[in-house]
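Read through the structure below, which is laid out as structure tokens, and then see the notes.
Along the sequence shown, residues carry numbers from 1.
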Amino acid sequence: MDMSAAQPATLAQWLSRIEALHPAEIELGLDRVRTVADQLQLIGGWQCPIVTLSGTNGKGSTQAYLSAMLAAQGYRVAAYSSPHLLRYNERIRLNDQPASDSLLCQAFSAIDQACQQTTISLTYFEYATLAGLWLSRYWQPDVMLLEVGLGGRLDAVNIIDADIAVITTVALDHQDWLGNDRETVGVEKAGILRSGRPVVYGEPDMPASVAAQIQALGCPLYHWGTDFGPQSIDNDWCWQGLGADRQPVTYPALPQPLLPFENASTAIQTIELLPLAVSDSSIRRGLEQARLAGRYQCVELEQRQLILDVAHNPHAAAHLVNRLPAVAGKTWCVLGMLQDKDCQATMACLVPAVDRWLFSDLDVARGCSAEQLKSLYLANSNDAPVVGSFEAPWQACQAAQQQSQPGDRILIVGSFFTVADVLARLEAETEEVS
């Protein structure tokens, strides 16, 4: 496509143009995006603290907690994440309110002009990252939260030097890009670290590659289970960790959060390291108010509980299963996945919780067919019967609803695309329940 073509007038037109501009969906590396960011004067000069979040799972939940706690204190919080579920605007938010179409169009126009001046072509994701930075500069927030899209070391977000680096978890995902073992993946995740600046690590088991990078850069480490974490879990829970001066800090009798518990603990430790005052009451309100679409999202539909979760790798699937409460009825699973995911291992993690399987096509370039998923399942396990194969997740969901009984539950899982298809159809007719 001719980069000098007339600029689009609507967000939809801009997104179509951006998708067509660059031949590769993913092209890791920072040189191109850094050059354009320099042209836009987006690299340095930030007047607010910046937190960059990397990790295989839990980045979105941790960011949601941070945003909710800081906003409860009255701060202006700019947040960038990817991918989106239903609307592109979800990727760039101020105090959890998505950017308007108009502002996104202004950002894309500025980026497009910078690309022409530098004769550089950017990917869809790189455009989104620069739009997040451009709008953050426009908003002048009190704090900026940047979520890595893929890996860390070569992700476009990493053109920005974070004041605090958060690594939530290290597990296998995107093996074609990041490697086939945790140590190799850890190198990529730890690429967001900066010399002498603190890192919050959000799980007990840290790869040696991450520890080595922390030591080499002299980063103050705050490690889940060693330096911070829950003290006890009953109806309430107590958090204990360290302040920036490494003195003990405790928050007693905290409310139970709706998003993953481990990520709440990681977020509180990150709050303690920011040069921003956040009260005990704001911590509590943030825990109660943090929400994230498609992460253990519960919807009541005709006396059945739908649980929508974007878990798309074994680590996330196992976490979901461990979180599920006992249910009197059966558990039906609508599963749609991408071909470049470890579908077999993910299904194996879901098996203990599932009584009936419904497999779905995903109508995207990397989508796995329902028949492929079914064959993988039947080749390795036949503990629970397969109800059928469907052309879309919503069709599978409808079949589960029609064949299930009141009191049963239906899991919608396996991909952002799986959850988004069902959410889009449910959005106008259901009410989310806590």
Side-chain angles (χ1 to χ4, degrees), residues 83 85-86 292-314 316-325 327-339 341-364 366-378 380-433:
L85 269 176
L86 300 180
L292 193 59
R295 277 71 160 187
Y296 204 81
Q297 184 173 356
C298 300
V299 175
E300 197 70 28
L301 184 64
E302 297 182 3
Q303 297 180 282
R304 288 118 171 115
Q305 186 185 49
L306 273 61
I307 298 179
L308 302 102
D309 197 292
V310 299
H312 52 266
N313 55 53
H319 189 281
L320 171 62
V321 168
N322 290 334
R323 194 176 180 192
L324 291 172
V327 64
K330 297 184 183 303
T331 296
W332 303 64
C333 182
V334 172
L335 183 72
M337 297 192 68
L338 298 178
Q339 292 178 353
K341 302 299 179 183
D342 192 342
C343 300
Q344 182 177 323
T346 302
M347 279 188 277
C349 291
L350 293 170
V351 160
V354 177
D355 299 302
R356 299 286 187 274
W357 291 90
L358 302 92
F359 299 113
S360 173
D361 297 339
L362 288 183
D363 187 21
V364 294
R366 294 180 291 141
C368 198
S369 74
E371 286 302 315
Q372 287 175 311
L373 291 173
K374 179 180 176 181
S375 296
L376 272 176
Y377 171 71
L378 293 176
N380 294 279
S381 173
N382 58 3
D383 293 341
V386 176
V387 174
S389 301
F390 302 85
E391 293 182 355
W394 175 243
Q395 291 181 4
C397 182
Q398 286 181 303
Q401 180 190 344
Q402 292 163 3
Q403 298 183 45
S404 61
Q405 301 295 319
D408 288 356
R409 70 179 165 206
I410 303 171
L411 301 181
I412 317 294
V413 68
S415 171
F416 278 84
F417 296 106
T418 308
V419 170
D421 185 67
V422 174
L423 271 182
R425 303 297 292 267
L426 288 173
E427 192 178 43
E429 58 186 271
T430 59
E431 179 178 345
E432 185 180 347
V433 294

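- Within a 6.0 Å radius of CD in Gln303, other residues, nucleotides and ligands contribute 12 heavy atoms or fewer.
- No donor-acceptor pair under 3.5 Å is formed between the side chain of Arg425 and the backbone N or O of Leu423.
- Inter-residue side-chain proximity for Ser360 and Glu391 is flagged as unmet; no heavy-atom pair is nearer than 4.5 Å.
- With a 4.5 Å cut-off on side-chain heavy atoms, Val334 and Phe390 do not count as touching.
- For residues 343-356, the set of pairs meeting the side-chain hydrogen bond (donor to acceptor under 3.5 Å, both in side chains) definition, not counting sequence neighbours, comprises Gln344-Asn380.
- Residue Leu378 holds its CG atom at 7.0 Å from CZ of Phe359, rounded to the nearest 0.5 Å.
- In terms of the side chain to side chain donor-acceptor pair (under 3.5 Å) criterion, residue partners of Gln372 (sequence neighbours excluded) are, by chain and number, Ser369.
- With a 4.5 Å cut-off on side-chain heavy atoms, Lys341 and Asn313 do not count as touching.
- With sequence neighbours excluded, the residues forming a side chain to side chain donor-acceptor pair (under 3.5 Å) with Glu371 are Ser389, listed by chain and number.
- We find the CG-CG distance between Leu306 and Leu301 to be 5.5 Å, quoted to the nearest 0.5 Å.
- The two residues Cys298 and Ile307 make their nearest non-hydrogen contact at SG-CG1, 4.2 Å.
- To the nearest 0.5 Å, the span separating CD on Gln297 from CG on Asp309 amounts to 9.5 Å.
- The side-chain heavy atoms of Pro393 and Leu362, taken from C-beta on, include a pair separated by under 4.5 Å.
- From Met347, atom CE reaches atom NZ of Lys374 across 12.5 Å, with rounding to the nearest 0.5 Å.
- Side-chain contact between Cys343 and Leu373 is present, with heavy atoms from C-beta onward closer than 4.5 Å.
- In terms of heavy atoms, Leu324 sits closest to Ala353 at CD1-CB, 3.8 Å.
- Across Ala400 and Ser404, no two heavy atoms sit closer than the pair O-OG, 2.7 Å.
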Using distance only, find each side-chain donor-acceptor pair of residues 407-421 under 3.5 Å and give its atom names and separation, not counting sequence neighbours.
from	atom 1	to	atom 2	distance (Å)
Asp408	OD1	Lys330	N	2.8
Asp408	OD2	Trp332	NE1	3.1
Asp408	OD2	Gln405	N	2.9
Arg409	NE	Thr331	OG1	2.9
Arg409	NH1	Pro325	O	2.7
Arg409	NH2	Pro325	O	3.2
Ser415	OG	Phe417	N	3.0
Thr418	OG1	Gly336	O	2.6
Asp421	OD2	Trp394	N	2.8

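- Here Glu302 pairs with Gln401 under the side chain to side chain donor-acceptor pair (under 3.5 Å) rule; sequence neighbours left out.
- Checking side-chain atoms of Gln305 against main-chain N and O of Glu300 turns up no donor-acceptor pair under 3.5 Å.
- Applying the side-chain contact (heavy atoms from CB on, under 4.5 Å) rule to Ser375 yields no partners; only residues at least two apart in sequence or on another chain are considered.
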